[in-house]
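Written out below as structure tokens is the structure these notes cover.
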Amino acid sequence: MENVELLKPPIEELLPQPNTTAAMSLRNLWKTFGNKTAVADVSLDIPQGSFYGIVGPNGAGKTTTLSMATGLLRPDQGSAMVLGHDVWSDAAKAKQLMGVLPDGVRLFDRLTGAQLITYSGLLRGMDRATVSQRTNDLLAAMDLKEAGNKFVVDYSAGMTKKVSLACAMIHAPKLLILDEPFEAVDPVSAANIRDILHRYVENGGTVVISSHVMDLVQRTCSHVAIMANAQVVASGTVDAVRNGRDLEDRFVELVGGRRSGEGLTWLGQ
């Protein structure tokens, strides 16, 4: 594959138009940090009502892409739209339609779980009565009822992911964008989160997740995009992308990098 450090953005006038009917439409996103191209010409359409997985090895550009898609990081070039609203020129409306769980962003963890969810709702401009009702509903759905009055700093990794997801859902968004929502989460919490997200999709929502776990994506998602070297190398329905094979085998084939382990014959002797 071409060295992405040498790639340059195309002339802006030649960029194709975004899909205004998609839940999210990304067009020709570019981002460089110094001499390193983190994202190179990424375009994706996320269909409404889909459960979309974005997968790739470390450093492939997943988090940078999602950060630009959600307005957390300004792209060098390209556009991101949510249900027809530009994330940058119509930021208030676009962000109103999104719920975001970013990876690695610190929470206000000296608040209790109930206080953190409440704060997220009030920050969205919701009335206090609605916020109170939805906070109780979300704590129950996330199995955090008993932990609702405990400080988030004392939560386990799984509990922290669940309360973060509750904060992203408090305003009933049309689109959820979740960066590594299952990382460091125990199997029980992961199963509960998957159930919640599937019910959300069944009720008309759209979910975008990034993940390293191919089996989880294959079992959970309806669509997938594979990223490598800052670019999208395959995208579509999970069945179309895996092309009759296991998704992990297809992923390794597209991304490359499998090593034979030669030279380690001394292991096991």
Side-chain angles (χ1 to χ4, degrees), residues 1-10 15-16 18-19 22-33 35-47 49-70 73 75-80 103 176-183 190 194 197 201 206-264:
M1 183 175 292
E2 187 176 358
N3 187 341
V4 297
E5 293 188 2
L6 302 179
L7 292 176
K8 301 296 182 183
L15 299 181
N19 181 353
M24 172 167 279
S25 184
L26 309 180
R27 284 294 180 272
N28 306 94
L29 289 178
W30 288 80
K31 189 65 183 179
T32 59
F33 299 99
N35 294 324
K36 173 67 175 178
T37 300
V39 172
D41 201 24
V42 166
S43 295
L44 277 178
D45 286 328
I46 312 295
S50 63
F51 202 131
Y52 209 109
I54 299 178
V55 300
N58 291 329
K62 302 185 301 298
T63 293
T64 303
T65 297
L66 292 181
S67 295
M68 291 189 289
T70 55
L73 180 67
D76 296 335
Q77 185 169 298
S79 65
D103 184 39
L176 281 174
I177 302 173
L178 315 175
D179 196 0
E180 297 288 357
F182 301 104
E183 188 176 33
R194 286 199 305 272
L197 295 178
V201 171
T206 304
V207 173
V208 181
I209 66 169
S210 70
S211 179
H212 291 104
V213 185
M214 297 302 112
D215 181 61
L216 181 147
V217 171
Q218 182 169 309
R219 290 186 293 108
T220 302
C221 297
S222 60
H223 294 69
V224 66
I226 297 177
M227 293 190 68
N229 298 322
Q231 298 174 305
V232 174
V233 296
S235 64
T237 65
V238 170
D239 287 341
V241 170
R242 67 190 185 94
N243 196 25
R245 284 167 284 177
D246 185 81
L247 183 61
E248 182 170 336
D249 292 335
R250 179 66 170 146
F251 173 83
V252 172
E253 175 190 335
L254 290 168
V255 172
R258 175 167 280 172
R259 301 291 182 266
S260 65
E262 293 180 4
L264 297 179

Please tell me if the side chains of [X] and [Y] come closer than 4.5 Å, counting only heavy atoms from C-beta onward.
| X | Y | value |
| --- | --- | --- |
| I54 | L44 | yes |
| K31 | P75 | no |
| L197 | L178 | yes |
| D249 | R242 | no |

Over all atoms of both residues, closest heavy-atom pair of [X] and [Y]:
| X | Y | answer |
| --- | --- | --- |
| V207 | I209 | CG1-CG2, 3.6 Å |
| V201 | G49 | CG1-O, 3.4 Å |
| V238 | C221 | CG2-O, 3.3 Å |
| S210 | P181 | O-CD, 3.5 Å |
| A230 | A38 | CB-O, 3.1 Å |

Donor-acceptor pair, distance only, cut-off 3.5 Å: does the side chain of [X] make one with the backbone of [Y]?
| X | Y | value |
| --- | --- | --- |
| E180 | D103 | no |
| S25 | A22 | no |
| R250 | V241 | yes |
| T37 | T32 | no |
| K62 | M227 | no |

[atom1]/[X] to [atom2]/[Y] distance, rounded to the nearest 0.5 angstrom?
| X | Y | atom1 | atom2 | result |
| --- | --- | --- | --- | --- |
| R194 | L216 | CZ | CG | 5.5 Å |
| N28 | Q77 | CG | CD | 7.0 Å |
| D76 | F33 | CG | CZ | 8.0 Å |
| L254 | I226 | CG | CD1 | 5.0 Å |
| N58 | H212 | CG | NE2 | 4.0 Å |

Looking at residues at least two apart in the chain, or sitting in another chain, which of them share a ring-ring contact (aromatic ring centres under 6.0 Å, His included) with Y52? H223
Can you list everything that forms a ring-ring contact (aromatic ring centres under 6.0 Å, His included) with F251? Sequence neighbours excluded, please. none
Quick one: which of L26, V42, L29 gives a side-chain contact (heavy atoms from CB on, under 4.5 Å) with M68? L29
Applying salt bridge (charged side-chain N to carboxylate O under 4.0 Å, His left out) as the test, list every pair that has at least one member in residues 220-236; sequence neighbours left out. none
